[in-house]
Amino acid sequence: MRICTRPEAVGGEPGWTKAKMKDCRCVKPMLVGQFEFLEWTGDSHLRHSKFIALREDKNARDVRLE
């Protein structure tokens with residue numbers, strides 16, 4: 001089983017087929033992680049990211065892109 005986002009949510013990634021989508025499951029965020037990173041790329045990915053810790057003081061529903 002693959003855990004992934006819907007292709008239309010990320011701009012329709014190439015190579016997605018109906019057969020591949022049958023293997024995917026939608027997930028709900030439950031944990032909040034703290035990361036260090038160098039920068040955001042042009043397509044909204046983190047460059048040179050490093051996991052720091054899990055955050056217990058924040059709810060996953062309250063986290064927004066800065």
Side-chain angles (χ1 to χ4, degrees):
M1 174 176 61
R2 250 186 252 152
I3 299 174
C4 53
T5 58
R6 297 178 314 213
E8 63 271 14
V10 290
E13 292 185 27
W16 285 98
T17 63
K18 287 184 179 183
K20 284 185 181 180
M21 288 301 295
K22 288 181 182 178
D23 292 336
C24 294
R25 302 290 179 261
C26 292
V27 297
K28 293 181 182 178
M30 297 176 64
L31 302 173
V32 177
Q34 181 174 346
F35 293 81
E36 286 182 358
F37 60 95
L38 184 61
E39 65 180 345
W40 287 97
T41 64
D43 54 353
S44 300
H45 290 96
L46 296 179
R47 181 164 299 173
H48 300 289
S49 60
K50 175 182 167 185
F51 174 76
I52 302 299
L54 287 176
R55 299 279 305 260
E56 295 181 6
D57 60 327
K58 291 192 176 198
N59 187 331
R61 292 178 183 252
D62 298 333
V63 175
R64 300 287 179 257
L65 185 62
E66 294 180 354

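- Rounding to the nearest 0.5 Å gives a distance of 9.5 Å between CD of Glu56 and CG of Leu31.
- Across every non-hydrogen atom of Asn59 and Val32, the tightest pair is C-CG2, 3.9 Å.
- To the nearest 0.5 Å, atoms CD (Glu36) and CZ (Phe51) are separated by 11.5 Å.
- Counting heavy-atom neighbours within 6.0 Å of Glu39 CD, excluding the residue itself, gives a total above 12.
- When side chains are defined from C-beta on, Trp40 counts as touching Leu46, because their heavy atoms get closer than 4.5 Å.
- The nearest pair of heavy atoms linking Pro29 to Ala60 is O-CB, 3.7 Å.
- Cluster annotation: Phe37 is not connected to Ile52 through the hydrophobic network of ILVMFWY side chains, with a link wherever side-chain heavy atoms come within less than 4.5 Å.
- Considering all non-hydrogen atoms of both residues, Arg61 and Arg64 come closest at O-NH1, 3.0 Å.
- Phe35 and Leu54 end up in the same hydrophobic cluster when Ile, Leu, Val, Met, Phe, Trp and Tyr side chains are linked at under 4.5 Å.
- To the nearest 0.5 angstrom, His48 atom NE2 is 11.0 Å from Thr41 atom OG1.
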